[in-house]
Amino acid sequence: MTSPNTGQDPERKPESAWAEVNPFTSVLHIGPANRDHEVAIRCTITVIVPLLVLLLTDRLDLVVFVSFAAFPGIYGRNLEHGPRLRMQLRAGVLMFATLIAATIMARLLDGVPGEAWIAVLCTSVMAALSALVAQYWQLRPGGAIFNVFAFGAVVAVPQQPMLWEAALATFVVIAWAVLMGVSPPARPGASRCR
């Protein structure tokens, strides 16, 4: 109920004038968890399982591909199954294209004078293209930050694995990430609106 004089809730504690103008209060405020741990656990499993497989098979040359290929599992965390699946598939297509383009570009630039500067230019172009696609597909989280890091990291790898191996590892982990994204809730009867 509001006070007729002030229009404010009398039960609410009065805030200081500083709290109203301080831009950092929301940064320092910790809201309710809202089952964020389920998303964190799902993302952890999505990344750690493929990395353990690479460690056990002694294929650490594919770590950069596998690490970034798991990122589509982050997308659409607050959506129902159908929209989340579509968003993760789109993010997976974009990440697959990014990683394969980066490994092809690394091969093309190998030994070219000024290859580092050309790689920076190519990463900038990929950033712009990824941002446009992410905006068009309305990916959430928005932007192209994951794709920029993925392209830059892969194009900088001095010894590239076989193209088909990189493509296969990337595809399998993207599929794994999408599968984890539509996995049933940890608790029976729990809503999967995350």
Side-chain angles (χ1 to χ4, degrees), residues 23 27 39-40 42-55 57-79 83-181:
V27 173
V39 177
R42 188 177 67 234
C43 290
T44 300
I45 293 169
T46 301
V47 174
I48 203 161
V49 168
L51 290 177
L52 287 173
V53 169
L54 291 182
L55 184 63
T57 58
D58 198 30
R59 288 306 310 264
L60 297 180
D61 56 325
L62 296 170
V63 164
V64 69
F65 295 94
V66 166
S67 298
F68 285 110
F71 277 44
I74 296 171
Y75 288 84
R77 64 175 255 178
N78 294 320
L79 300 176
R84 182 184 327 161
L85 175 63
R86 282 189 295 280
M87 186 172 293
Q88 288 182 346
L89 286 172
R90 289 175 174 174
V93 166
L94 184 57
M95 185 58 73
F96 185 83
T98 299
L99 291 169
I100 298 308
T103 191
I104 290 171
M105 188 57 60
R107 287 166 167 70
L108 294 174
L109 293 177
D110 191 28
V112 173
E115 71 179 281
W117 289 107
I118 298 170
V120 169
L121 177 64
C122 291
T123 304
S124 301
V125 170
M126 179 55 77
L129 292 174
S130 295
L132 287 173
V133 172
Q135 179 64 31
Y136 180 75
W137 281 343
Q138 298 178 352
L139 297 179
R140 295 294 175 262
I145 191 73
F146 300 142
N147 299 87
V148 171
F149 285 138
F151 190 90
V154 170
V155 81
V157 171
Q159 296 294 323
Q160 294 286 326
M162 299 284 289
L163 182 59
W164 72 269
E165 292 174 335
L168 180 62
T170 300
F171 179 80
V172 167
V173 175
I174 288 172
W176 166 249
V178 171
L179 179 67
M180 287 299 295

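Side-chain atoms are counted along with the backbone in the values below, which use heavy atoms only and exclude waters and symmetry mates. Nothing fancy with the numbering, it's 1 onward along the sequence.
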side-chain contact (heavy atoms from CB on, under 4.5 Å) partners of [X], counting only residues at least two apart:
{"X": "Ala119", "value": "Leu109, Val155"}
{"X": "Ala127", "value": "Val148"}
{"X": "Val47", "value": "Leu51, Ala70"}
{"X": "Leu129", "value": "Val125"}

Could you pull out the closest heavy-atom pair between [X] and [Y], with the gap in Å?
{"X": "Val66", "Y": "Pro50", "result": "CG1-CB, 3.2 Å"}
{"X": "Gln88", "Y": "Gly73", "result": "NE2-O, 3.2 Å"}
{"X": "Tyr75", "Y": "Ala91", "result": "CD1-CB, 3.5 Å"}
{"X": "Ala144", "Y": "Ala131", "result": "CB-N, 3.5 Å"}
{"X": "Ala153", "Y": "Val64", "result": "CB-CG2, 3.8 Å"}
{"X": "Ala150", "Y": "Met95", "result": "CB-SD, 3.7 Å"}

Could you check if a side-chain atom of Val133 sits within less than 4.5 angstrom of a side-chain atom of Val93, using non-hydrogen atoms only?
no
Does the side chain of Ser130 reach to within under 4.5 Å of the side chain of Phe151, using non-hydrogen atoms?
no
Tell me every residue that passes side-chain hydrogen bond (donor to acceptor under 3.5 Å, both in side chains) with Gln135, counting only those two or more places apart in sequence or in another chain.
none
side-chain hydrogen bond (donor to acceptor under 3.5 Å, both in side chains) against Thr103, all qualifying residues, sequence neighbours excluded
Arg107, Gln160
Applying ring-ring contact (aromatic ring centres under 6.0 Å, His included) to Phe71 and not counting sequence neighbours gives Phe68, Phe146
Could you list all the salt bridge (Lys or Arg N to Asp or Glu O under 4.0 Å) pairs where at least one residue sits in residues 122-143, not counting sequence neighbours?
none
Sequence neighbours excluded and cut-off under 3.5 Å, please list the side-chain donor-acceptor pairs for residues 168-180, or say none.
residue : atom : partner : partner atom : Å
Thr170  : OG1  : Ala166  : O            : 2.7
Trp176  : NE1  : Thr46   : O            : 3.3

To the nearest 0.5 angstrom, please state how far the [atom1] atom of [X] sits from the [atom2] atom of [Y].
{"X": "Ser67", "Y": "Ile48", "atom1": "OG", "atom2": "CD1", "answer": "11.0 Å"}
{"X": "Ile100", "Y": "Leu163", "atom1": "CD1", "atom2": "CG", "answer": "5.5 Å"}
{"X": "Ile45", "Y": "Leu52", "atom1": "CD1", "atom2": "CG", "answer": "11.5 Å"}
{"X": "Phe149", "Y": "Ile145", "atom1": "CZ", "atom2": "CD1", "answer": "4.0 Å"}
{"X": "Leu99", "Y": "Leu94", "atom1": "CG", "atom2": "CG", "answer": "9.5 Å"}

Per the side chain to side chain donor-acceptor pair (under 3.5 Å) rule, what does the pair list look like for residues 112-128, sequence neighbours excluded?
none
Partner residues of Arg59 under the salt bridge (Lys or Arg N to Asp or Glu O under 4.0 Å) criterion, sequence neighbours left out
Asp61, Glu165
Sorted by chain and residue number, the salt bridge (Lys or Arg N to Asp or Glu O under 4.0 Å) partners of Asp110 (sequence neighbours excluded) come out as none
Looking only at atom types and distance, does a side-chain atom of Arg90 sit under 3.5 Å from a main-chain N or O of Leu139, one as donor and one as acceptor?
no
